[in-house]
Amino acid sequence: MGMRKGPWSAEEDHILISHIQTHGHANWRALPKQAGLLRCGKSCRLRWINYLRPDIKRGKFSEEEQDSILKLHQSLGNKWSTIAARLPGRTDNEVKNFWHTHLKKKVHNANISGYSYTLQLQEAQASDGNGLASPSIVFCDAKLEENIGNHGSCQISEEMEFWYNVFIKSGQK
DNA sequence: AATGTCTTCAACCGCCACCGA
DNA sequence: GTCGGTGGCGGTTGAAGACAT
C-alpha cells in the first residue's frame with residue numbers, strides 16, 4: 001500500500017544508488033524503507049540489477065554475443081539468467097528482450113512456412129586454408145529447392161549468412 | 001499534419017526454490 | 001517435517017517512440 005509503480009525517476013535512481021553504495025543490499029525488502037523510497041524491495045532489486053549496476057554493458061549486442069545467445073538457447077532453452085551469466089555485463093532481462101524482439105524472428109524465419117533446411121560444409125572446401133568455407137544449402141523440401149532455383153538470389157540469403165556465422169564458423173554442421 | 005500500427009524494452013506479476021527458525 | 005520470509009527467475013504487459021499510411 002502506498003507504493004509507487006511505473007518508471008523510475010532520476011531522483012529515485014540517485015537515492016537507490018547512493019544507498020547501495022554506502023550500505024549495500026543485504027536485505028532488499030528492508031532497503032526501500034531504509035533508503036526512504038516508496039518502492040517495494042523487488043522493484044528496487046530489479047532496477048539495480050537491470051539498469052543501475054555499475055558493470056552493466058549497454059548498447060547493441062555484438063555478433064559474437066548474438067551467436068552465443070543462439071547457441072546457449074539451443075542447448076539450455078529459456079534459461080535467461082544462465083545465458084546472461086555467460087555474457088559479461090548483460091542481464092537476463094536484456095537477453096530475454098533481445099531474444100523476443102530480434103533472435104526469435106530469425107529462428108522463425110529460418111523455418112519459412114514450415115520448410116526446413118540445413119547448412120552443410122561443401123566437401124570440396126574441406127581443404128580451405130583457414131578451415132572456413134561458404135555454406136551450401138541442403139533443402140529438406142524439393143518444392144522449396146525448386147523455388148529457390150527459379151528465383152536465383154532469394155529472400156533467405158541474409159538468413160543463410162546469419163546461420164553461416166552462427167553454426168559453420170563455430171565448426172557445427 | 002493527423003492517425004493508426006508496429007516495435008522495443010523497462011517494469012511488473014506470479015511462481016518456485018532456498019534457508020533459517 | 002513445516003512454515004514463513006526472501007531472493008531469483010521467466011512470462012507478460014504497457015508506455016513510448018518509430019514507422020507507415
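Because the structure is predicted, anything quoted here is derived from the model rather than measured. A note on names: the letters A, B, ... follow the listed sequences, proteins ahead of strands, and every chain is numbered from 1.
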Which nucleotide in the set [options] lies at the smallest distance from any side-chain heavy atom of [X]?
{"X": "A:Leu46", "options": "B:dA10, B:dA11, B:dT8", "answer": "B:dA11"}
{"X": "A:Asn97", "options": "C:dG7, B:dC12, B:dC9", "answer": "B:dC9"}
{"X": "A:Trp80", "options": "C:dG7, C:dG10, B:dA10", "answer": "C:dG10"}
{"X": "A:Lys5", "options": "B:dA11, B:dC13, C:dC9", "answer": "B:dC13"}
{"X": "A:Ser81", "options": "C:dG7, C:dC9, C:dT12", "answer": "C:dC9"}
{"X": "A:Arg45", "options": "C:dG8, C:dT6, B:dC12", "answer": "C:dG8"}

Give a yes/no on whether any side-chain N or O of [X] is located under 4.0 angstrom from OP1 or OP2 of [N].
{"X": "A:Asn78", "N": "C:dG11", "answer": "yes"}
{"X": "A:Asn93", "N": "C:dG11", "answer": "no"}
{"X": "A:Arg58", "N": "B:dA10", "answer": "yes"}
{"X": "A:His102", "N": "B:dT8", "answer": "yes"}
{"X": "A:Arg29", "N": "C:dG7", "answer": "no"}

Nearest 0.5 Å, please: how far is CD1 in A:Ile83 from CD in A:Glu65? 13.0 Å

How far does CH2 of A:Trp80 sit from CG of A:Asn93, to the nearest 0.5 angstrom? 11.0 Å

Rounded to whole Å, please give me the gap between [atom1] in [X] and [atom2] in [N].
{"X": "A:Asp13", "N": "B:dA11", "atom1": "CG", "atom2": "C1'", "answer": "12 Å"}
{"X": "A:Lys79", "N": "B:dA17", "atom1": "NZ", "atom2": "P", "answer": "10 Å"}
{"X": "A:Arg39", "N": "B:dA11", "atom1": "CZ", "atom2": "P", "answer": "8 Å"}
{"X": "A:Asn27", "N": "C:dG4", "atom1": "CG", "atom2": "P", "answer": "19 Å"}
{"X": "A:Arg53", "N": "C:dG8", "atom1": "CZ", "atom2": "P", "answer": "11 Å"}
{"X": "A:Arg4", "N": "B:dC12", "atom1": "CZ", "atom2": "C1'", "answer": "14 Å"}
{"X": "A:Asn50", "N": "B:dC13", "atom1": "CG", "atom2": "P", "answer": "15 Å"}
{"X": "A:Glu94", "N": "C:dC9", "atom1": "CD", "atom2": "C1'", "answer": "17 Å"}

Under 3.5 Å, which N/O atoms of the protein pair with N/O atoms of nucleotides 16-19 of chain C?
none

Tell me what A:Gly41 touches on the nucleic acid: a base, only sugar-phosphate, or nothing, going by heavy atoms under 4.0 Å. nothing

Looking for any heavy atom pair under 4.0 Å, which part of the strands does A:Ala30 touch: base, sugar-phosphate only, or nothing? nothing

Any Lys/Arg nitrogen of A:Arg4 or A:Glu12 sitting under 4.0 Å from an Asp/Glu carboxylate oxygen of the other? yes

So does A:Lys42 reach the base of C:dG7 with its side chain, donor to acceptor, closer than 3.5 Å? no

Does A:Arg39 use its side chain to pair, donor to acceptor, with the backbone of A:Met3 at less than 3.5 Å? no

State whether the side chain of A:Thr22 and the backbone N or O of A:Ser18 hold a donor-acceptor pair below 3.5 Å, judged by distance alone. yes

Any side-chain heavy-atom pair from A:Arg53 and A:Arg47 closer than 4.5 angstrom? no

For the aromatic rings, using the six-membered ring if either is Trp, is the centroid distance between A:Trp99 and A:His102 under 6.0 Å? no

Could you pull out all residues at least two apart from A:Phe61 that satisfy ring pair (Phe, Tyr, Trp, His ring centres under 6.0 Å)? A:Phe98

Using the closest heavy atom to pick a nucleotide of DNA chain C for each, name whichever of A:Ile49 or A:His100 lands nearer the 5' end. A:Ile49

